[in-house]
Colleague: 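Please find one structure pasted underneath; my questions will follow.
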Amino acid sequence: LLDLQAVDYPQLLHAFASGNDGDNTCAPFPKAYHTVLGGYQSAKNIITVGRTDYTQVSSTSSSSGPVRDGRLKPEITGIGIINSLNGTGNGYFVDFGTSMSSPNIAGGLALLYERYRQLNGGANPQGSLMKAILLNGARDVGTAGPDFRHGYGTMMLERSLCILENKQYSERIITQAQVQDSVITVPANTRQLKVMLYWHDPAANVLATNTLVHDLDLEVIGPGNQFFLPSVLDASSAGVTNGSTPGADHTNNQEQVIINNPPAGNYTIRVKGTEILTQPQQPYAIAFDFVPVELRFTNPVKGSMVQAENFGFPVAWEDEGNGTGLYKLEYSLDNGSNWTEIVNDLKDTTRLYFWEPGPVRSPTAKLRLTKGAASITSETFAVIPNLTFSAAVANDQCYGYFRINFTPLTPAGGETIDYLVKLKKGVAMETVAEVSGQNFYIIGNLHPDSTYYAAVVARINGVEGGYNTAITRRPN
């Protein structure tokens with residue numbers, strides 16, 4: 001049904017959770033493999049999403065492929081942890097699973113759809129194109145190349161956005177036995193060339209043992225007439241943990257060629273209509289990416305805020321083509337004049353680290369990451385502590401009012417500090433007052449039979465801080 005729906009409504013693209021059966025064993029497959037079992041999750045023309053934790057490697061509970069006919073599932077993974085302010089006791093609600101990963105991917109797709117519309121006069125993209133762009137932008141994790149635990153990797157929306165904005169894609173239609181070539185130019189300093197072919201395949205007969213109906217094949221031809229073939233997996237129970245090898249893929253309706261350290265020059269992307277028999281023609285999408293040699297932070301960004309004494313702040317970076325070695329991470333509170341070490345033994349595969357600054361603050365903080373001779377410094381950001389605030393005692397409260405007391409911060413040199421009073425309105429905490437020079441605020445015009453949620457945050461040099469838990473009052 002879903003495969004048929006994607007063909008009938010080609011702008012539609014579904015995302016489904018792969019499931020949470022990774023701790024099970026489906027003999028004769030190893031533990032976790034061959035556990036994507038639902039009818040929705042195993043459809044060809046959707047995106048099936050596995051779960052990673054904050055290490056960005058597949059969690060043990062995430063269901064893995066292959067599906068019954070040997071196809072790759074999941075195609076992509078995403079962080080599958082929810083941390084919401086809607087918990088009990090005015091606190092945080094935490095849960096995990098592929099049901100959290102799938103909305104993560106769907107949200108990323110929604111942003112890509114929005115950007116496509118902005119770039120194309122409000123027109124909607126084809127689902128096949130967006131799937132190709134999303135999968136080809138993923139960062140490879142786990143076993144090199146695609147694998148049955150992670151698919152093509154974990155979502156890297158920035159790379160997918162680069163493909164979209166630079167128009168590193170094409171959409172064409174091919175017929176039986178036709179061969180179509182297109183030429184791209186790979187720039188110097190490219191760490192990896194990635195080319196993805198994807199097509200919404202016609203729905204198979206419900207009794208078919210191989211659900212691929214139309215078979216297209218991808219090749220990339222480099223300088224010197226060197227041929228590169230897609231990465232293919234062994235779907236047998238004995239081979240599912242093996243790495244991918246280059247070869248012709250006659251099982252999946254997406255294929256990816258990866259070329260490491262490609263010489264600069266012209267490359268030919270070749271698509272073959274190997275078997276197109278049930279319909280006269282087959283639309284398809286190509287997405288390609290030039291992953292550069294780089295070491296750079298993706299978080300924090302310029303002007304962002306880190307809560308000093310809260311859950312760890314996610315420091316993230318990309319590293320391509322800079323060799324192996326351990327990372328050292330440092331912070332500065334004075335715009336880079338002095339540095340303090342955070343950690344010096346992060347593994348080369350690390351791309352995410354949760355930093356807990358502790359009792360410090362600065363409107364001009366920076367981070368520095370070093371691996372061997374390579375070193376980068378982040379943009380300036382702010383480290384702001386959470387305020388201590390509370391509801392005033394009953395004798396200081398009035399009918400229809402909410403008095404909040406808080407402990408102000410003492411300004412340091414070069415700091416301008418004021419305070420924002422927050423009140424929950426609908427589903428969001430909104431600023432209802434900006435105050436300075438005092439240690440309390442009274443919110444008025446409140447209904448005596450309603451319960452209100454409030455908080456106070458510091459604002460240093462125009463950068464707004466955060467808070468952990470709101471306080472409540474029913475002003476009757």
Side-chain angles (χ1 to χ4, degrees), residues 2-15 43-47 75-76 105 108-138 152 155 157 159-186 193-203 212-221 228 230 249 252-258 266-290:
L2 292 175
D3 289 338
L4 179 63
Q5 194 177 61
V7 174
D8 289 343
Y9 303 95
Q11 294 177 342
L12 180 66
L13 184 57
H14 288 289
K44 294 178 293 187
N45 299 335
I46 67 165
I47 296 175
E75 294 100 334
I76 198 168
I105 300 302
L109 273 170
L111 293 173
L112 291 175
Y113 269 75
E114 179 185 27
R115 186 58 178 149
Y116 181 94
R117 287 173 55 85
Q118 291 171 349
L119 296 171
N120 292 275
N124 287 318
Q126 299 293 298
S128 56
L129 174 63
M130 302 312 285
K131 184 172 179 179
I133 290 174
L134 180 78
L135 298 186
N136 205 48
Y152 292 98
M155 182 175 70
L157 205 58
R159 294 254 38 105
S160 295
L161 182 63
C162 180
I163 295 171
L164 179 60
E165 292 188 331
N166 293 328
K167 294 189 176 181
Q168 294 169 192
Y169 61 83
S170 62
E171 296 175 282
R172 300 182 70 176
I173 296 174
I174 197 168
T175 58
Q176 169 65 23
Q178 188 178 12
V179 176
Q180 294 182 344
D181 288 351
S182 57
V183 178
I184 60 173
T185 301
V186 175
L193 169 63
K194 299 168 66 178
V195 181
M196 172 74 69
L197 164 68
Y198 176 80
W199 65 99
H200 275 343
D201 196 46
L212 187 68
V213 176
H214 286 173
D215 186 6
L216 277 60
D217 284 304
L218 173 67
E219 297 173 349
V220 177
I221 307 167
F228 299 90
D249 189 337
N252 296 282
N253 59 320
Q254 75 268 329
E255 301 181 5
Q256 185 184 54
V257 171
I258 299 175
N266 291 336
Y267 289 70
T268 298
I269 299 173
R270 176 167 293 171
V271 178
K272 298 178 178 180
T274 302
E275 188 169 319
I276 305 173
L277 302 177
T278 66
Q279 295 177 4
Q281 57 189 21
Q282 175 63 57
Y284 68 88
I286 289 284
F288 55 94
D289 190 19
F290 311 120

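Values below: all heavy atoms of this structure, side chains included; hydrogens, waters and symmetry mates excluded.
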Colleague: Applying the side-chain contact (heavy atoms from CB on, under 4.5 Å) criterion to N45, which one of L2, N253, L12 satisfies it?
Modeller: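 Exactly one candidate clears the test, N253.
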Colleague: When you measure from the side chain of N136 to the backbone N and O of K194, does any donor-acceptor pair fall under 3.5 Å?
Modeller: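 At least one qualifying donor-acceptor pair exists.
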Colleague: Is the shortest side-chain heavy-atom distance between Q282 and P202 below 4.5 Å?
Modeller: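 They are in side-chain contact.
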Colleague: Could you tell me if the side chain of I286 sits less than 4.5 Å from the side chain of S182, heavy atoms only?
Modeller: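 S182 does not reach I286 side chain to side chain.
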Colleague: Roughly how far, to the nearest 0.5 Å, is OG1 of T274 from CG of D215?
Modeller: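 Here the rounded value is 5.0 Å.
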Colleague: Calculate, to the nearest 0.5 Å, the distance between atoms NE2 and CD belonging to H214 and Q279 respectively.
Modeller: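 Interatomic distance, H214 NE2 to Q279 CD, rounded to 0.5 Å: 5.0 Å.
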Colleague: Starting from the C-alpha separation in whole Å, work towards a yes-or-no answer on side chain to side chain contact (heavy atoms under 4.5 Å, CB included) for L109 and I47.
Modeller: CA-CA 11 Å; L109 273 170; I47 296 175; 3.7 Å; yes
Colleague: How long is the span from the OH atom in Y169 to the CE atom in M130, to the nearest 0.5 Å?
Modeller: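 Reported value, rounded in 0.5 Å steps: 8.5 Å.
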Colleague: So does I46 get a backbone contact from the side chain of K131, meaning a donor-acceptor N/O pair under 3.5 Å?
Modeller: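 Yes; judged by distance alone, with no hydrogens or angles, the pair exists.
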Colleague: Identify the two heavy atoms, one from A132 and one from M196, that lie closest to each other, and give their separation to 0.1 Å.
Modeller: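 Looking at all heavy atoms of both residues, the closest pair is O-CG, 3.9 Å.
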Colleague: To the nearest 0.5 Å, how far apart are CG in L4 and OH in Y9?
Modeller: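 Interatomic distance, L4 CG to Y9 OH, rounded to 0.5 Å: 9.0 Å.
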Colleague: Could you tell me whether the side chain of L135 reaches within less than 4.5 Å of the side chain of Q256, counting heavy atoms only?
Modeller: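 Counting from C-beta outward, Q256 and L135 never come under 4.5 Å.
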Colleague: So Y113 and L13, do their side chains get closer than 4.5 Å, heavy atoms only?
Modeller: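 Yes - at least one pair of side-chain heavy atoms lies under 4.5 Å apart.
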Colleague: So does V213 get a backbone contact from the side chain of D201, meaning a donor-acceptor N/O pair under 3.5 Å?
Modeller: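 Checking the backbone N and O of V213 against the side chain of D201, a donor-acceptor pair under 3.5 Å is found.
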Colleague: Keeping the roles fixed (side chain from Q176, backbone from I276), state whether a donor-acceptor pair exists under 3.5 Å.
Modeller: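 Such a contact is found between Q176 side chain and I276 backbone.
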Colleague: Can you tell me how far CD1 of I105 sits from CD1 of I76, rounded to the nearest 0.5 angstrom?
Modeller: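 Here the rounded value is 4.5 Å.
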Colleague: Show your working on side chain to side chain contact (heavy atoms under 4.5 Å, CB included) between E219 and V257 and close with a plain yes or no.
Modeller: CA-CA 7 Å; E219 297 173 349; V257 171; over 6 Å; no
Colleague: Locate the shortest heavy-atom distance separating H200 from A6; write the atom from each residue and the value.
Modeller: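 Between these two residues, the closest heavy atoms are CD2-O, 3.5 Å.
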Colleague: Identify the heavy atoms of I184 and F290 that sit nearest to each other, and give their distance.
Modeller: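 Looking at all heavy atoms of both residues, the shortest contact is CD1-CE2, 4.0 Å.
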Colleague: For the residue pair Q126 and P10, what are the closest heavy atoms and their distance?
Modeller: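 Answer, listing the atom of Q126 first, then P10: OE1-CB, 3.1 Å.
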Colleague: Using modelled atom types only, decide if a donor and an acceptor are shared between the side chain of D217 and the backbone of K272 within a distance under 3.5 Å.
Modeller: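 Pair absent, no side-chain N/O of D217 close to backbone of K272.
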Colleague: Quiz question: by atom type and distance under 3.5 Å, do the side chains of E75 and Y198 form a donor-acceptor pair?
Modeller: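 Judged by distance alone, the side chains do not pair up.
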Colleague: Any side-chain heavy atom of L193 within less than 4.5 Å of one from F228?
Modeller: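 Contact flag for L193/F228 side chains = no.
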Colleague: Between Q168 (side chain) and F288 (backbone), is there a donor-acceptor pair under 3.5 Å?
Modeller: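 Flag set: sc Q168 to bb F288 pair under 3.5 Å.
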Colleague: Given side chains that start at C-beta, do those of R115 and L161 come closer than 4.5 Å, heavy atoms only?
Modeller: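 They are in side-chain contact.
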Colleague: Please report the shortest heavy-atom distance between L112 and L164, naming the atom on each side.
Modeller: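 Shortest heavy-atom contact: O-CD2, 3.5 Å.
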Colleague: For A43, does its backbone N or O pair with a side-chain atom of D3 as donor and acceptor, under 3.5 Å?
Modeller: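 Side chain of D3 to backbone of A43: no pair is present.
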Colleague: Working to the nearest 0.5 Å, report the span between CD1 of I133 and OH of Y116.
Modeller: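 Rounded to the nearest 0.5 Å, the CD1-OH separation comes to 8.5 Å.
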Colleague: Quick one: does any side-chain atom of D249 pair with a main-chain N or O of N252 as donor and acceptor, under 3.5 Å?
Modeller: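 Yes; judged by distance alone, with no hydrogens or angles, the pair exists.
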Colleague: Could you tell me which residues satisfy side-chain contact (heavy atoms from CB on, under 4.5 Å) with R117, sequence neighbours excluded, listed by chain and number?
Modeller: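 With sequence neighbours excluded, R117 shows a side-chain contact (heavy atoms from CB on, under 4.5 Å) to N124, given in chain and number order.
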Colleague: I need the minimum non-hydrogen distance between E255 and L218, along with the two atoms involved.
Modeller: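 Scanning both residues completely, I find the closest heavy atoms to be OE1-N, 3.0 Å.
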